[in-house]
Amino acid sequence: MGRILRRDFYDRETEIVARELLGAVLECRTHDGLTSGVIIETEAYIGEHDAACHAAVGRTLRTEPLYGPPGNAYVYFIYGMHWCINAVTRAEGLPSAVLIRALEPLDGLPLMRRRRPKARSDRELTNGPGKLCAALGIDKRMNGLPLQRHPVVIRAGSPVKDSDVEITPRIGITQASDWPLRFLVRGNSFVSR
DNA sequence: TCGAAGATTGTCT
DNA sequence: GACAATCTTCGAG
């Protein structure tokens, strides 16, 4: 089992963190049990000048975690039914984060299948930001919590080679949608879309 | 107090 | 591929 990534891991350029989070393990422990998966797709959202970043509207109740210390979780509710989890990056005052878009399931598959009855294959368990939160049991309770202790932690995994990293524009957004800030593991079948 | 939009998903054609 | 579901958040009135 890999060691938990410390706060200074997140206190760097957001693109670097998004890149290096590939291959790391997201783990969630609730009263139902433990679930985890390897991070294979991320997106960087960088500061108030990034129109697609939630912080573009400034500091509000919702975006408050983005202004907190790096290494915390930012969990938000979208489209009236889905949760998405981000890892807050950079130093305090620079609101940026990395959205975790897809996982390759590792531990707790039976529990994930129970939480995602709509999934018709294990691939559909965690191949999207809303799906992986449902599979791991992540919701508002985890918003603003540090990622260095349970319920939610991120551990070091097997590093992904540069030649295996693919960079594309972010998807699912309408603002600044042409910036190449999406990072994914080439050839991994668990990526979203 | 009200209205509009949204970092998605699942279903139907 | 198109579109509905569903509700929180925020800014305007």
Side-chain angles (χ1 to χ4, degrees), chain A residues 10 13-19 21-22 24 26 28 35 37 39-68 70 72-90 94-105 112-145 147 152 154 166-185 188-193:
Chain A
Y10 303 92
E13 292 276 329
T14 305
E15 297 99 311
I16 304 285
V17 178
R19 154 70 178 89
L21 237 23
L22 294 178
L26 177 66
C28 183
T35 47
I39 298 171
I40 51 97
E41 180 178 347
T42 60
E43 280 179 3
Y45 287 86
I46 308 173
E48 297 179 349
H49 64 276
D50 178 356
C53 182
H54 286 175
V57 300
R59 189 168 187 160
T60 64
L61 191 58
R62 183 200 203 191
T63 61
E64 192 60 29
L66 292 172
Y67 291 81
N72 277 6
Y74 168 48
V75 181
Y76 66 89
F77 194 55
I78 191 70
Y79 294 122
M81 54 185 85
H82 305 295
W83 297 96
C84 296
I85 185 168
N86 298 246
V88 176
T89 62
R90 283 185 145 180
L94 290 168
S96 308
V98 174
L99 170 70
I100 297 174
R101 290 196 56 90
L103 302 177
E104 182 172 340
M112 292 194 209
R113 294 187 188 111
R114 242 177 295 145
R115 285 171 173 159
R116 297 251 324 121
K118 298 272 179 65
R120 290 191 288 184
S121 70
D122 286 351
R123 206 179 65 82
E124 294 180 3
L125 245 26
T126 55
N127 67 336
K131 296 177 187 176
L132 70 91
C133 282
L136 298 206
I138 293 170
D139 60 30
K140 194 177 189 69
R141 293 171 300 173
M142 288 70 171
N143 191 31
L145 297 186
L147 293 167
V152 189
I154 298 181
E166 195 170 338
I167 302 175
T168 77
R170 295 175 293 186
I171 58 181
I173 57 173
T174 54
Q175 306 290 314
S177 56
D178 54 343
W179 296 7
L181 294 174
R182 174 174 178 242
F183 300 78
L184 54 115
V185 178
N188 189 296
S189 61
F190 288 86
V191 295
S192 65
R193 294 290 174 93

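Per chain, numbering begins at 1; letters A, B, ... match sequence-line order. Just so it is clear, the model here is predicted, and its values are computed rather than measured.
Regarding contacts with the backbone of dA5(B), every side-chain N or O of R62(A) stays at 4.0 angstrom or more from both OP1 and OP2. The side chain of K131(A) places an N or O atom within less than 4.0 Å of a non-bridging phosphate oxygen (OP1 or OP2) of dG10(B). T60(A) has no side-chain polar atom (N or O) that falls below the 4.0 Å cut-off from OP1 or OP2 of dT9(C).
Remark: C1' of dT8(B) and CZ of R182(A) are 14 Å apart, rounded to the nearest angstrom. Following rounding to the nearest Å, K118(A) (NZ) and dC12(B) (P) show an atom-to-atom distance of 11 Å. In this structure, CD1 of I173(A) is placed 17 Å from P of dA5(B), rounded to the nearest angstrom. Across the protein-nucleic acid pair, Y79(A) atom OH and dA5(B) atom C1' stand 8 Å apart, rounded to whole Å. Distance D139(A) CG to dC7(C) C1': 15 Å, rounded to the nearest Å. The distance from atom CZ of R101(A) to atom C1' of dT8(B) is 9 Å, rounded to the nearest whole Å. Put simply, CZ on R59(A) is 17 Å from C1' on dT9(C), counting in whole angstrom units. Put simply, CE on M81(A) is 9 Å from C1' on dG10(B), counting in whole angstrom units.
No contact: R170(A) has no heavy atom under 4.0 Å from any strand. At the heavy-atom level, R116(A) lies under 4.0 Å from the strands shown only through sugar-phosphate atoms.
Set against dA7(B), dA5(C), dC10(C), the side chain of L61(A) has dC10(C) as its closest nucleotide. Across dC7(C), dT8(B), dC10(C), the shortest atom-to-atom separation from the side chain of F77(A) is found for dC7(C). Picking from dG10(B), dC10(C), dG6(B) the nucleotide with the shortest atom distance to the side chain of T174(A) gives dG6(B).
Taking 4.5 Å as the limit, some side-chain heavy atom of I46(A) sits within range of a side-chain heavy atom of E15(A). Looking only at side-chain heavy atoms (C-beta outward), V75(A) and R141(A) stay at 4.5 Å or farther from each other.
Taking only distance into account, the side chain of Y76(A) meets the base of dA7(B) through a donor-acceptor pair shorter than 3.5 Å.
Of the options T42(A), I85(A), I16(A), a side-chain contact (heavy atoms from CB on, under 4.5 Å) to V98(A) is made by T42(A) and by none of the others. A side-chain contact (heavy atoms from CB on, under 4.5 Å) with R101(A) holds for exactly one of I171(A), L184(A), N127(A), I39(A); it is I171(A).
A salt bridge links R182(A) to E41(A): at least one charged side-chain nitrogen sits closer than 4.0 Å to a carboxylate oxygen.
Pair assignment for dT6(C) gives none, since no Watson-Crick or G-U wobble pairing has each distance under 3.5 Å. Base pairing of dC12(B): its partner is dG1(C), meeting the Watson-Crick or G-U wobble criterion (both donor-acceptor distances under 3.5 Å).
Aromatic stacking is marked for Y45(A) over dA7(B), as both cut-offs hold: 5.5 Å for the centres and 30° for the planes.
Heavy-atom nearest nucleotides on DNA chain C were determined for I78(A) and for V57(A), and the one closer to the 5' end corresponds to I78(A).
Taking the six-membered ring where tryptophan is involved, the planes of Y76(A) and H54(A) are perpendicular, since the angle between them exceeds 60° and thus also 30°.
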